[in-house]
Amino acid sequence: MRLIQALWLALSLLLALAPAVIIAQHWLSSSCSSFTACQDQQIKHNVKLADKNLTQGLKLWQQGKYDKALASLKLAAQLGSKHAELYRQYAQNWQNSLQSLVKLEDGLQSWARAGCLQQILFVTSELRSLSQASDFISRFNTDLRLQGLPICIAPQVVFVPHLFDCDDVSANTRISCDITPLAANLKDKQFTHLVIFTRQGKANVHNGIMYLDRQDTYDVLIHELAHFAGFIDEYPLSTELAERVCSGIEAPNLVFQQAGQQQPDMHYWHEQGRTDTVKLSKARTCNRHSAQAFKASSDLTFMEYHDLNRIPASYLTAWKASLQQNQHITPAFINFAQLYEEQHDQNALYWRQRYQAFHQQP
């Protein structure tokens with residue numbers, strides 16, 4: 001009797017499970033017809049899960065929940081997200097630096113090659129900007145157009161949350177940041193110029209510091225990098241800016257002919273070793289001014305449209321000469337010197353001395 005009951009129980013259980021077995025077999029046969037198909041499905045699943053954890057990690061980081069954010073980033077990295085792994089490394093290094101009371105990696109001390117006249121640090125407080133900055137470093141190091149220029153970019157981005165505050169501006173408003181806290185973190189570090197990556201705003205250069213937002217491309221970086229060497233925009237400047245520039249500022253890419261003059265003033269170009277046989281073409285820089293700007297190229301250039309890949313050979317020659325004769329180049333140090341001078345802080349002397357030493361290089 002007990003045997004019969006046991007058999008009936010087993011049969012009932014089998015009948016109850018039959019629909020689930022049939023459904024599972026149908027799902028497996030329809031969605032996973034082969035071992036390769038199963039692998040592909042697992043990969044797609046991992047990608048979705050990685051993206052979900054990456055998004056969650058970035059959100060938690062923004063909220064200041066750093067430990068939970070790091071856990072999500074680690075999981076996303078384990079699932080194959082390269083961006084998550086990059087973020088995880090920088091986030092982990094920053095946490096480790098807090099524990100060891102080290103503000104920045106010592107590796108920033110000796111990264112520039114001999115002969116690098118412009119030594120550039122990339123800086124951000126934005127975790128999301130790390131992939132953009134890292135990509136720019138990689139592309140710069142393989143950019144054949146620029147390999148003859150004495151410029152080095154540090155291989156490691158300086159990443160410290162809340163290192164500086166930037167104004168919450170629209171995409172068409174120039175980025176502006178309070179860089180006072182940055183000075184203490186960069187003291188004694190090796191650099192001449194800075195590139196600060198922020199959330200949103202219009203790219204610009206101010207006294208040796210470049211500001212970029214998340215939407216800016218590598219071509220924007222190169223355009224702004226030329227400003228570090230004194231290059232002037234070749235699109236029409238605003239009336240206010242044209243009044244200052246077109247009065248005769250010295251620039252590697254432009255010369256100016258004032259109203260009533262017979263020819264452009266080529267004095268600065270002659271100082272750089274360029275001859276007066278350079279073929280000039282009109283530039284649109286001073287369209288809102290009485291002067292006329294001229295450039296040494298009849299083609300459109302990257303100083304007029306940043307997404308043009310071609311940089312004329314004459315521009316590269318002028319770029320290199322400008323870096324070698326750096327009297328007209330402003331390093332980032334002056335920004336910190338002026339900040340401390342306004343506060344009557346003795347640190348102003350340190351940064352002023354670094355500024356002066358830059359212009360005393362052989």
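Residue numbers count from 1 along this sequence.
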(message) Quick check on Q343: does its CD atom have over 12 non-hydrogen neighbours (other residues, nucleotides or ligands) under 6.0 Å away?
(response) yes
(request) Identify the two heavy atoms, one from N207 and one from Q338, that lie closest to each other, and give their separation to 0.1 Å. (result) ND2-OE1, 4.1 Å
(request) Indicate yes or no for a side-chain donor-acceptor contact from W111 to the backbone of Q190 under 3.5 Å, with no hydrogens or angles considered. (result) yes
(message) Tell me whether E85 is salt-bridged to K82, with the criterion being a basic N under 4.0 Å from an acidic carboxylate O.
(response) no
(message) Using a 4.5 Å cut-off between side-chain heavy atoms of Ile, Leu, Val, Met, Phe, Trp and Tyr, which other residues end up in the same hydrophobic cluster as L254?
(response) I232, Y235, L237, L241, V245, I249, F256
(message) Any heavy-atom pair between the side chains of Q215 and V220 that's under 4.5 Å?
(response) no
(request) Return the set of residues passing ring pair (Phe, Tyr, Trp, His ring centres under 6.0 Å) with H289 (not counting sequence neighbours), or none when no residue passes. (result) none
(request) Verify, without hydrogens or angle tests, whether Y355 (side chain) and N335 (backbone) share a donor-acceptor contact under 3.5 angstrom. (result) no
(message) Are more than 12 heavy atoms, taken from residues, nucleotides or ligands other than Q346, located less than 6.0 Å from that residue's CD atom?
(response) no
(request) Determine yes or no for a side-chain-to-main-chain donor-acceptor pair under 3.5 angstrom, with Q257 supplying the side chain and Q261 the backbone. (result) yes
(message) For R284, is there an ion pair with E304 - N to carboxylate O distance below 4.0 angstrom?
(response) yes
(message) To check you understand the geometry: which heavy-atom pair defines the closest contact between A183 and W351, and what is its length?
(response) O-CZ2, 3.4 Å
(message) Tell me whether N204 contacts the main-chain N or O of K202 through its side chain, where contact means a donor paired with an acceptor under 3.5 Å.
(response) yes
(message) Are L58 and L49 connected into the same hydrophobic cluster when the rule is that any two of I, L, V, M, F, W, Y join if their side-chain heavy atoms are below 4.5 Å apart?
(response) no
(request) Name all residues meeting the side chain to side chain contact (heavy atoms under 4.5 Å, CB included) criterion together with S314; count only those two or more places apart in sequence or in a different chain, and write none if there are none. (result) A296, P312
(message) For a 4.5 angstrom cut-off between non-hydrogen side-chain atoms, does D143 reach Y218?
(response) yes
(request) Look at the side chain of S298 and the backbone N and O of S281, then say whether any donor-acceptor pair between them is shorter than 3.5 Å. (result) no
(message) Would the distance check show the side chain of S322 and the main-chain N or O of A229 forming a donor-acceptor pair, the cut-off being under 3.5 Å?
(response) yes
(message) Ignoring hydrogens, what is the shortest heavy-atom contact between Q56 and S72? Give both atom names and the distance.
(response) CG-OG, 3.9 Å
(message) Can you see whether S134 engages S131 through a side-chain donor-acceptor pair at a distance of less than 3.5 angstrom?
(response) no
(message) Are L70 and Y90 connected into the same hydrophobic cluster when the rule is that any two of I, L, V, M, F, W, Y join if their side-chain heavy atoms are below 4.5 Å apart?
(response) no
(request) Check A348 against A337 and note the closest heavy-atom contact, atom names and distance. (result) CB-O, 3.7 Å
(message) With heavy-atom distances below 4.5 Å as the criterion, would you say the side chains of K187 and N347 are in contact?
(response) yes
(request) Pick out which of L163, L182, I209, T198 makes a side chain to side chain contact (heavy atoms under 4.5 Å, CB included) with C177. (result) T198
(request) Check whether any side-chain N or O of D265 sits under 3.5 Å from a backbone N or O of V255 as a donor-acceptor pair, and report yes or no. (result) no
(request) Kindly say whether the aromatic ring centers of Y66 and W94 come within a distance under 6.0 Å. (result) yes
(message) Any non-hydrogen side-chain atom of V195 less than 4.5 Å from a side-chain atom of L212?
(response) yes
(request) Identify whether L79 and L73 are in the same connected component of the hydrophobic contact network (ILVMFWY, side-chain heavy atoms under 4.5 Å). (result) no
(message) Are Y340 and Y350 packed together at the side-chain level, in the sense that at least one heavy-atom pair is separated by less than 4.5 angstrom?
(response) no
(request) For residues L121 and I153, determine if any side-chain heavy atom of one lies less than 4.5 Å from a side-chain heavy atom of the other. (result) no
(message) Strictly distance-based, threshold 3.5 Å: is any side-chain N or O of N93 a donor or acceptor partner for the main-chain N or O of Q89?
(response) yes
(message) Could you go through E126 and R214, starting from their C-alpha distance and side-chain angles, then the distance that decides it, and tell me whether this counts as side chain to side chain contact (heavy atoms under 4.5 Å, CB included)?
(response) CA-CA 10 Å; E126 297 266 340; R214 293 181 197 162; 2.5 Å; yes
(message) Testing the 3.5 Å rule here: is there a donor-acceptor pair between the side chains of N253 and E234?
(response) yes
(message) Please verify the inter-ring angle class for F191 with F336; under 30° counts as parallel, over 60° as perpendicular, anything in between as tilted.
(response) perpendicular
(message) Minimum heavy-atom separation for T330 and H193, please, with both atom names.
(response) O-NE2, 3.3 Å
(request) Kindly say whether A251 contributes a backbone atom to a donor-acceptor pair with the side chain of W269 at under 3.5 angstrom? (result) yes
(message) Counting neighbours of NE2 on H227 that are heavy atoms of other residues, nucleotides or ligands and sit closer than 6.0 Å, is the number greater than 12?
(response) yes
(message) With a 4.0 Å cut-off on N to O distance, would you call R310 and D299 a salt bridge?
(response) yes
(request) Examine F159 together with F197 and report whether their ring centres are nearer than 6.0 Å. (result) no
(request) Given side chain to side chain contact (heavy atoms under 4.5 Å, CB included), test V123 with V157 step by step and report yes or no. (result) CA-CA 6 Å; V123 184; V157 183; 6.0 Å; no
(request) Before accepting this row, confirm whether a basic side-chain N of the pair R288/E243 lies closer than 4.0 Å to the acidic partner's carboxylate O. (result) no
(message) If I compare all heavy atoms of A318 with all of Q272, which pair ends up nearest, and what's the gap?
(response) O-NE2, 4.0 Å
(message) My understanding is that a hydrophobic cluster links ILVMFWY residues whose side chain heavy atoms are under 4.5 Å apart, including indirect links. Using that, what else belongs to the cluster containing L300?
(response) Y305, L308
(request) State whether E341 and R352 are salt-bridged, where the test is any N-O pair (Lys NZ or Arg NE/NH1/NH2 against Asp/Glu carboxylate O) under 4.0 Å. (result) yes
(request) Tell me who clusters with L60, hydrophobic residues only, linked when side chains sit under 4.5 Å apart either directly or through other members. (result) none
(message) Do N172 and S170 pair up side chain to side chain, a donor and an acceptor below 3.5 Å, judged on atom types alone?
(response) no
(request) Side-chain contact test, heavy atoms from C-beta onward, threshold under 4.5 Å: evaluate it for L146 versus I151 and give yes or no. (result) no
(request) Verify the distance criterion only: is there a donor paired with an acceptor across the side chains of N53 and K74 at less than 3.5 Å? (result) no
(message) Same cluster or not: Y87 versus L75, using hydrophobic residues (I, L, V, M, F, W, Y) connected whenever any side-chain heavy atoms lie under 4.5 Å apart?
(response) no
(request) Please check if the side chain of T142 supplies one atom and the backbone of R139 the other of a donor-acceptor pair under 3.5 Å. (result) yes
(message) Is it true that D67 and Q95 share a donor-acceptor pair across their side chains at a distance under 3.5 Å?
(response) yes
(message) Can you list everything that forms a salt bridge (Lys or Arg N to Asp or Glu O under 4.0 Å) with R354? Sequence neighbours excluded, please.
(response) none
(message) If you count every heavy atom of other residues, nucleotides or ligands that lies below 6.0 Å from Q63 atom CD, does the total exceed 12?
(response) yes
(request) Please check if any side-chain donor atom of H223 sits under 3.5 Å from a side-chain acceptor atom of D307, or the reverse. (result) no
(message) Could you check whether any side-chain heavy atom of D216 comes within less than 4.5 Å of a side-chain heavy atom of Q132, counting everything from C-beta outward?
(response) yes
